[in-house]
Amino acid sequence: SATYANTSHNNHLNIAARQHFAVSADRVCDSASSLGTITKFNSNFSHKKNKISAKRQSARAANFKLTDTAKNLLANTAQKRVCVCMSHRLNQDENISIKHNGQNGADGRAYYSNIIQCSSVHTCIVCNNRIMSKRSKEIAQAYDYFTSSLYGFVPMLTLTIPHKQGGSLEKQLELINHAYKRLMDDRIMRQVWQIVGKVGAIKGVEYTHGKNGHHNHIHSLMFLEKSHHDIKLPIARWNTPKRKGMLRLLNEKQEKSYIEKGLQAQISYMNFSDFIKFYWVKLCRDVGLGMPSLENGAVITEGDNVKSYIAKHKSAQEITNSRDKKAKHGNRNQWELLLDYQNGDKHAGAIFKEYAQAFSGGKLLRWSNGLKALLLIDEVDDEAIIAVDDEAEHEIKHEIKPILWQLIKRYNYQARLLSAVENDHRNNTDEYHNELKKMINHHKERERKKAIAEQKRIADLRPPDWFNDHHCA
């Protein structure tokens, strides 16, 4: 059948090594016009790198503060693992140290070593940032390899559900995951995916909260052997008494049988996108989610749209970077809820706690079985990503004794000291020790004021009347 025919472009899934092209250093040098031009360029470039570094340092400070807020909010819950993050030593026999990766400019980065990190991607924005940076690079690598070397297609499928007032977040999450599982693997969809040549998928669930309550939606990168634009699915109506009039998807053998019997007029052909839209509505209704919009419930994007998501934040994609994506139409994602709680919105804190409970223990990204191996992506768990820096042979810039670390935590200087070490490395300054002196002087001044207040309190104490009477007697 022409429906199931494949083009020669899609017939070959060859695993060919990609060629890398290097630009000759001599050619680069020859293209420079003058020393003055180079000097001006370097000056502008250096200024731009400094601005990037300052922006990253500011974001890191905000993230540390947000993680402290999560610790306070979740301290007495089952999700309290975040409370130990960036607070305690990993090895009690060694000091916490600050290392630097040795790179200059915007690529230079300082970090703490021998410190416990929670790897809680849903509740700790500091760990989320580091883990998702790695995951986004994996997705970019997978996309490039599949489209360039295996000549496949990678559209993105976005699935939304009806916005309902109220309802349990855990239940909603369970139902949307159930509907997605059926979309990937029920009997009819297995037939559809075989037609389009689905190799696998990467799924990410994104969360927001708005006036209608909780809302989850799914982004799924579909790795396909064929372009979905080339697929026309044969649809006919059942003739059996029980299902008479209901639509059915014909397989290749059934389609051929209809044609041989001269019944081709009973076959109508539906494109892949429309079929997915209709089927997603059916699945949502079947599992109890209600009926999403036919137009917007299931949307397929591709080409530049998908590439723009992958390019976001140095190859991050919307599927991986819900941390940076601002929710639309007045909705708030989990980090915006936490920030609002930090600024005094107690209701936002209660919503974040419900979010933390519902997503606890889950992964932000799920790859189909065997997809990573096919696309030459190493299996690395979240804890291993966090541990990479501790294992790196980077220079130790400073060691911090436990008594000093207690003061650093008390006055929330963790992010400030990392920025100081990066600035010292880049500018050959001593900002680190200056920051420590400021912190210690601030501590001494606070202790001095506390001592004065305590002395005044003791001086103002007056014994009770019965004490004076007893003393006089």
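Note that the structure is predicted; figures quoted are calculated from it, not measured. Along the sequence shown, residues carry numbers from 1.
- The closest donor-acceptor contact from the side chain of D345 to the backbone of D340 lies at 3.5 Å or more, if one exists at all.
- With hydrogens and angles disregarded, no donor-acceptor distance shorter than 3.5 Å links the side chain of K277 to the backbone of G297.
- No donor-acceptor pair closer than 3.5 Å links the side chain of D382 to the backbone N or O of S119.
- Counting only distance, with no hydrogens or angles, the side chain of S58 and the backbone of K55 share no donor-acceptor pair below 3.5 Å.
- Across E255 and Y269, no two heavy atoms sit closer than the pair OE2-OH, 2.7 Å.
- Looking only at atom types and distance, the side chain of N177 has a donor-acceptor partner in the side chain of K203 under 3.5 Å away.
- Using a 4.5 Å heavy-atom cutoff, the side chains of I259 and K256 are not in contact.
- Interatomic distance, CG of L74 versus CG of L338, reported as 8.0 Å (0.5 Å rounding).
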Tell me, with the steps shown, if F275 and I231 meet side chain to side chain contact (heavy atoms under 4.5 Å, CB included).
CA-CA 11 Å; F275 184 88; I231 303 301; over 6 Å; no
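- A donor-acceptor contact closer than 3.5 angstrom links the side chains of S87 and K71.
- Using a 3.5 Å distance cut-off with no hydrogens or angles, the side chains of R426 and N423 do pair a donor with an acceptor.
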Please evaluate residues D185 and R190 with respect to the criterion side chain to side chain contact (heavy atoms under 4.5 Å, CB included), reporting the C-alpha separation (whole Å), side-chain torsions for both, the decisive distance (0.1 Å), and the verdict.
CA-CA 5 Å; D185 201 36; R190 280 199 299 272; 3.4 Å; yes
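- Contacts of V421 classified as side chain to side chain contact (heavy atoms under 4.5 Å, CB included), with partners at least two apart in sequence or in another chain: I98, H100, A110, K397, H398, Y432.
- Between P155 and L224, some side-chain heavy-atom pair lies under the 4.5 Å cut-off.
- Atom-to-atom distance recorded for L339:CG and Q334:CD is 12.5 Å, nearest 0.5 angstrom.
- Heavy-atom neighbours of N76 CG from other residues, nucleotides or ligands within 6.0 Å: at or below the threshold of 12.
- Contact record, Y111 with H394: OH-ND1, 2.7 Å, taken as the closest heavy-atom pair.
- Taking each heavy atom of F223 and A142 in turn, the nearest pair found is CE2-O, 3.9 Å.
- Side chain of N101 to backbone of D107: a donor-acceptor contact under 3.5 angstrom is found.
- With values rounded to the nearest 0.5 angstrom, I139 atom CD1 is found 12.0 Å from D144 atom CG.
- The only member of I115, T67, I96, D68 that meets side-chain contact (heavy atoms from CB on, under 4.5 Å) when paired with M86 is I115.
- The shortest side-chain heavy-atom distance between F146 and V199 falls under the 4.5 Å cut-off.
- One distance of note links CG of L175 with CG of L289; it measures 4.5 Å at 0.5 Å rounding.
- Side-chain atoms of Q342 and K65, non-hydrogen and from C-beta on, do get closer than 4.5 Å to each other.
- Annotation for I300 and S273: closest pair CD1-OG, 3.7 Å, computed over non-hydrogen atoms.
- At a cut-off of 3.5 Å, with distance as the only test, a side-chain donor of Q57 or E422 sits close to an acceptor on the other residue.
- Here the side chains of L157 and V299 are not in contact, with every heavy-atom distance at 4.5 Å or above.
- A distance of 13.5 Å separates CG of L173 from NE2 of H178, quoted to the nearest 0.5 Å.
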Distance-only criterion, 3.5 Å: show the donor-acceptor pairs between side-chain atoms of residues 278-288 and protein atoms not counting sequence neighbours.
{"residue": "Y279", "atom": "OH", "partner": "D186", "partner atom": "OD2", "Å": "2.6"}
{"residue": "W280", "atom": "NE1", "partner": "T160", "partner atom": "O", "Å": "2.9"}
{"residue": "K282", "atom": "NZ", "partner": "D286", "partner atom": "OD2", "Å": "2.8"}

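- Between the CD atom of Q191 and the CG atom of L249 there is a distance of 4.0 Å, given to the nearest 0.5 Å.
- Residues Y145 and L150 form a side-chain contact, since some pair of their non-hydrogen atoms from C-beta on lies under 4.5 Å apart.
- Proximity of a side-chain donor or acceptor of W193 to a complementary backbone N or O of G200 within less than 3.5 Å is not detected.
- With T147 contributing its side chain and Y143 its backbone, the two residues share a donor-acceptor pair below 3.5 Å.
- In the model, S220 has a side-chain atom that pairs as donor or acceptor with a side-chain atom of Y180 under 3.5 Å.
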One pair to check against side chain to side chain contact (heavy atoms under 4.5 Å, CB included): M222 and M156. What are the steps and the verdict?
CA-CA 6 Å; M222 313 302 303; M156 182 176 72; over 6 Å; no
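- When atom types are taken as modelled, the side chain of Q172 and the backbone of N216 share a donor-acceptor pair closer than 3.5 angstrom.
- Taking the side chain to side chain donor-acceptor pair (under 3.5 Å) definition, one finds that R182 meets it with nothing, sequence neighbours left out.
- With sequence neighbours left out, the side chain to side chain contact (heavy atoms under 4.5 Å, CB included) criterion links K372 to R135, E138, W367, I377, E379.
- Among residues two or more places apart in sequence or in another chain, the ring-ring contact (aromatic ring centres under 6.0 Å, His included) test is passed with H215 by H163, H217.
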For E395 and K99, run side chain to side chain contact (heavy atoms under 4.5 Å, CB included): C-alpha distance rounded to whole Å, both residues' side-chain angles, the deciding distance at 0.1 Å, then the answer.
CA-CA 6 Å; E395 179 186 0; K99 291 183 177 181; over 6 Å; no
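- L418 places a side-chain heavy atom less than 4.5 Å from the side chain of R60.
- At a threshold of 4.0 Å, the pair K171-E354 does not count as salt-bridged, since none of the basic side-chain nitrogens sits closer than that to a carboxylate oxygen.
- Within the 4.5 Å cutoff, no side-chain heavy atoms of N331 are placed close to those of H209.
- Applying the ring-ring contact (aromatic ring centres under 6.0 Å, His included) criterion to Y355, with sequence neighbours excluded, gives Y207, F352, F359.
- Across every non-hydrogen atom of Q117 and C127, the tightest pair is CB-SG, 4.1 Å.
- In terms of heavy-atom proximity, Q254 sits nearest to N251 at N-OD1, 2.7 Å.
- Listed for the Y112 side chain is a donor-acceptor partner under 3.5 Å among the backbone atoms of Q414.
- Open room surrounds CD on Q194; 12 or fewer heavy atoms of other groups in view lie less than 6.0 Å from it.
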Evaluation steps, side-chain hydrogen bond (donor to acceptor under 3.5 Å, both in side chains), between T208 and R332
CA-CA 5 Å; T208 58; R332 295 174 290 178; over 6 Å; no
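- A donor-acceptor contact shorter than 3.5 Å links the side chain of H122 to the backbone of G362.
- No side-chain donor-acceptor contact under 3.5 Å links H229 and N271.
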